Amino acid sequence: MAIPGWFQALDELAMNLRWSWHAPTRDLFEALDPGLWETVGGNPVALVRGLDMERIKEIGSDRDLLGWIALALEDLHTYLRSLSWCDSEDGPGRHCPTAIAYFSPEYGITSVLPQYSGGLGILAGDHLKSASDMGVPIIGIGLLYGAGYFRQALALDGSQTESYPELDPFGMPLHPLHREDGSLVEVSVALPGDEIMRAVVWKADVGKIPLLLLDTDVESNSEELRTLTDRLYGGDAETRIRQELLLGVGGMRALREFCRVYDTPLPTVFHMNEGHAGFVAVERIRERMFEGLSFAQALEASRKSMIFTTHTTVPAGIDRFDPELVSSYFSIPAWGGEDFVRQVLALGEETEDWSEPKRFNMALMGLRVAGQANGVSLLHGEVSREMFRGLWPDREVKDVPIGSITNGVHAATWMDRDLAEIEATRLGGDPSAWEGDLVSDEELWGILREQRIQFVEAAQRRLQASLLERGFSIRRLRWVHSVFDPDVLTIAFARRVPTYKRLTLMLRDPERLRDLLVREDRRIQIVVAGKAHPHDEPGKGLIQDLVEFTDREDIRQHMVFLPNCDMAVVGELLPGCDVWLNNPVRPYEACGTSGMKAALNGALNLSTRDGWWDEWSDGRNGWDIPSADGAATPEERDDLEARWLYEILEDQVIPLFYDNRVNDIPVEWVKRVRHTLATLGPKVQATRMVRDYTTTLYVPAARVASGPLAS
Ligand SMILES: *Cc1c(COP(=O)(O)O)cnc(C)c1O
């Protein structure tokens, strides 16, 4: 039987990840088979593959559906052809690089493709999506992890459990990369002991942007190598260095193959998102040495086109390897002999200010091989200049050449549909119009309340599933149906759980928190979500403490922990919450992006002055939790900051929400929501971020790297 054209159209729609930020396309998939859509967790590829013959026949004779499919495909084609900002009048025009390679260890594009652990990956996903919208010619490079990061659940006692369900690449929006003759593209990297590490390349289409993901699960690999790309941030130092070799060296080779197959020019700019991809520099140096340059000349020649972005504030956040281990990987004949190894080791050598024993440092390597480097918020730029000053001993800290570009978030992915639609149509795409009278207080408050209703439903559903999985009996879960109240001030805290983010700061004085949660009048309710790295015992301890608290009979209806915090969970929480809480120890948060997503949805931020919030808090878009910089011990600091957190809630947040009501609308609160949407809305967007990267880093790098234009 010939495959009908409409079916091919569906396949094409499913295989381009634009649906992950284009709700009308997702509506179409849902309409094809609502039950199946729920079963497959909103994965269009699985939906299309899973349609049964009967349903296929029905769709084939449903003229409305067929028309809808045709329109959706036409819309995708129009999007893919749309004019780019790069070519527009305010874009860089002919100075736009022909292509930019973007290397990242993780990508968060949709929960359907779980290839991220948290902010770093989601930032990379938002970077690609905005580049697609703007027509900035990026090619993404990463790894395909067979089981992603991990799936989090809770045990009966409230502790985190991890599982690693295997993903099927053929059930996801991924194409294996083939050559013209139909053979599978396979890249290889030589390892010590005459071993060869091979990888296939999967291509994901993120709108206009190709994303190449390397995968060592191929038959010709040894069993050990086949499982190398099983997990994101799993395994020991050996696993990590091999994954990073694959990302940097294998990634560069995959990029060459891709450009050959698609007959497109090789990128002129190379962007390393964090230090994990630093070995790309070694591969580029090797290539240049092949043309006759010395190591130093090759480094100098490739440096100009390399950009390094650091995302951490602490040495513990950086990949550091035993130099012996690094040496073993580059001592083999495939590289350049003893002299070559010595120079590679020098790239990652730690300066005097690093603690003993000295390690091979991937961030220092990133800084040494890149012509330009940046942190991800103004404050993080400062922190980074201080942290890495040892590399520039002759300079004052302020002159250390690390700048900053503040992160952003992709609005079409993260902004609530109703709000986005109003902004696009009634407000003519002008966020500042939220402060005018085009949308009344009644309407805006009505939308926010409707969102809280949906949030309460979603939270109850997820909570029930979690309690059942923990082993509670359904007969004893009737109380779940009275969890949360759509008219109560709702606070959310959702992100990874490294200790510096202080998941349990709010529990510092449990009875004071309890009072805010359970009192009759002017209550708050809190939803919490977050994963701790499987080896992070302190982080896992915090989760258990928190869950034990939320399990209390007097608390459980007012505060809830939702497991497996992923993009879908965060997406559900954002529109329903009034306050987004963030209390990292300043200045450990490089940027933080979840609060930006909350601002796009009209939530007010309540945060320590860290990361992006230090830059854009203006007294009206939320509240600052002061930092107890003078505290003698971490305990004293936490005591003080927790006390300030309670005081701000009691004296400022709660009164603003419940007082000054006109027709039951908190008019002062609504003013703050308008102010947030109007003023933060535009700043926090990833389009602003990608524009900044393009004009201040990519364009200059391409001009210098291309030689003649350099002047
Ligand atoms: C946005 C997001 C993050 C980042 O959170 P921050 O702590 O604010 O940086 C982490 N996880 C998920 C699932 C997200 O969507």
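Indexing begins at 1, ligand by ligand and atom by atom, following the structure's order. What you see is a predicted model, and the numbers here were worked out from it, not measured in a lab.
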Go through the structure and list residues passing side-chain hydrogen bond (donor to acceptor under 3.5 Å, both in side chains) with Asp639, not counting sequence neighbours. Arg508
Are Lys208 and Tyr79 in a cation-pi setup, meaning NZ or CZ lies under 6.0 angstrom from the ring centre and within 45 degrees of the ring axis? yes
Applying the side chain to side chain contact (heavy atoms under 4.5 Å, CB included) criterion to Glu589, which one of Thr313, Asn582, Leu379 satisfies it? Asn582
Cationic tip of Lys531 within the cone over Phe150's six-membered ring, i.e. under 6.0 Å and within 45° of the normal? yes
Starting from the N and O atoms of ligand 1, find every protein N or O within less than 3.5 Å and list the pair with its distance.
unit_1   : atom_1 : unit_2 : atom_2 : d
ligand 1 : 7 (O)  : Arg495 : NE     : 3.1
ligand 1 : 7 (O)  : Lys501 : NZ     : 2.6
ligand 1 : 8 (O)  : Thr593 : N      : 3.2
ligand 1 : 8 (O)  : Ser594 : N      : 2.8
ligand 1 : 8 (O)  : Ser594 : OG     : 2.5
ligand 1 : 9 (O)  : Thr593 : N      : 3.2
ligand 1 : 15 (O) : Lys597 : NZ     : 2.5

Can you sort out the partners of Asp215 under salt bridge (charged side-chain N to carboxylate O under 4.0 Å, His left out), two or more places apart, ordered by chain and number? none
Run the salt bridge (charged side-chain N to carboxylate O under 4.0 Å, His left out) test against Glu386 and tell me which residues pass, sequence neighbours left out. Arg389
